[in-house]
Each structure stands twice: as C-alpha cells, then as structure tokens.
Amino acid sequence: MPKKVELEGRSRARKGHFVVYVGNEMKRFVVPTSYLKSPIFQQLLDKAAEEFGFDNQNGIVLPCDESTFNRLTAFLAKHHS
C-alpha cells in the first residue's frame with residue numbers, strides 16, 4: 001500500500017524525501033523524491049520557480065492550495081512507486 005504524504009514538524013526530511021510548503025498557511029509536507037520523476041510534479045516545480053525564483057529562503061513553496069496538492073499526491077501515490 002502506498003505511503004501517504006506526511007505532515008511533519010521536524011526540520012529535516014528523512015532520506016529519500018524532501019520538504020515542500022503549500023497554500024496560504026505554508027503547511028509543511030514531506031514527500032518522496034520519487035515524485036520528482038512525475039511530469040505533473042515537475043510542472044508544479046517549474047511554476048514555483050517562475051513565481052518565487054530559485055533563491056527563495058523559505059524552502060520549496062508550491063503555488064497551489066492544499067486540496068489541489070492533496071489530490072495530486074494521492075494520484076502520484078497510486079501511479080508512481
């Protein structure tokens with residue numbers, strides 16, 4: 001069974017994962033690095049780079065709301081390993 005995206009309070013993600021911030025509340029999510037292979041996730045990262053640049057001190061901020069991000073990660077959990 002695919003593992004859900006985790007919402008964690010730790011400062012560093014465990015090996016094989018990375019942290020993104022989503023929505024107006026800048027909610028922190030820990031996602032598997034395997035999501036980086038997905039064209040859909042890559043498009044979201046490209047949009048983040050266009051909107052926020054590469055020198056953002058706040059980490060990776062994704063330009064979408066939480067519900068959209070949750071739907072995306074649910075899809076990726078089912079279709080990517």
Side-chain angles (χ1 to χ4, degrees):
M1 179 174 233
K3 192 163 189 159
K4 281 186 121 179
V5 172
E6 297 175 32
L7 179 61
E8 296 184 4
R10 293 188 291 176
S11 60
R12 295 191 68 162
R14 70 181 183 275
K15 186 175 180 174
H17 293 75
F18 65 103
V19 175
V20 296
Y21 297 91
V22 177
N24 293 332
E25 303 281 321
M26 295 282 288
K27 193 171 276 189
R28 182 180 189 267
F29 290 90
V30 178
V31 297
T33 55
S34 63
Y35 288 4
L36 294 172
K37 297 177 191 173
S38 164
I40 297 168
F41 203 87
Q42 287 177 9
Q43 287 176 347
L44 189 55
L45 289 172
D46 289 342
K47 188 172 180 180
E50 286 175 18
E51 197 163 317
F52 304 115
F54 289 108
D55 60 348
N56 188 349
Q57 298 298 315
N58 295 325
I60 301 172
V61 179
L62 299 179
C64 65
D65 59 50
E66 283 183 56
S67 63
T68 301
F69 182 75
N70 285 327
R71 285 192 305 274
L72 171 64
T73 55
F75 173 82
L76 291 174
K78 286 182 180 179
H79 296 92
H80 291 269
S81 47

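Quantities reported herein were computed from a predicted structural model and do not represent experimental measurements. Count residues from 1 along the sequence.
Between Leu45 and Leu62, some side-chain heavy-atom pair lies under the 4.5 Å cut-off. Put simply, the side chain of Val19 reaches to within 4.5 Å of the side chain of Arg28, judged on heavy atoms. You'll find the side chain of Ile40 stays beyond 4.5 Å of the side chain of Tyr35, heavy atoms only. A 4.5 Å side-chain heavy-atom check between Pro63 and Val22 finds every atom pair outside the cut-off.
Within a 6.0 Å radius of CG in Asp46, other residues, nucleotides and ligands contribute more than 12 heavy atoms.
To the nearest 0.5 angstrom, Glu66 atom CD is 7.0 Å from Glu25 atom CD. Summarising the geometry, atom NZ belonging to Lys27 is positioned 11.5 Å from atom CG belonging to Asp65; distances are rounded to the nearest 0.5 Å. Rounding to the nearest 0.5 Å gives a distance of 10.0 Å between CD of Gln43 and CG of Leu72. Distance check, rounded to the nearest 0.5 Å: CG of Leu76 to CG of Leu36 gives 10.5 Å. Here the SG-CD distance, from Cys64 to Glu51, works out to 10.0 Å after rounding to the nearest 0.5 Å.
Judged by distance alone, the side chain of Thr33 and the main-chain N or O of Gly16 form a donor-acceptor pair under 3.5 Å. His79 contributes a side-chain N or O that, together with a main-chain N or O of Phe75, makes up a donor-acceptor pair within less than 3.5 Å.
Side-chain contact annotation: Ser67 with Asn70, donor-acceptor N/O pair under 3.5 Å absent.
Aromatic ring pairs are classed by plane angle as parallel below 30°, tilted from 30° to 60° and perpendicular above 60°; the pair Phe29 and Phe69 is tilted.
Contact detail for Tyr21 and Met26: the closest heavy-atom pair is CD2-O, 3.5 Å.
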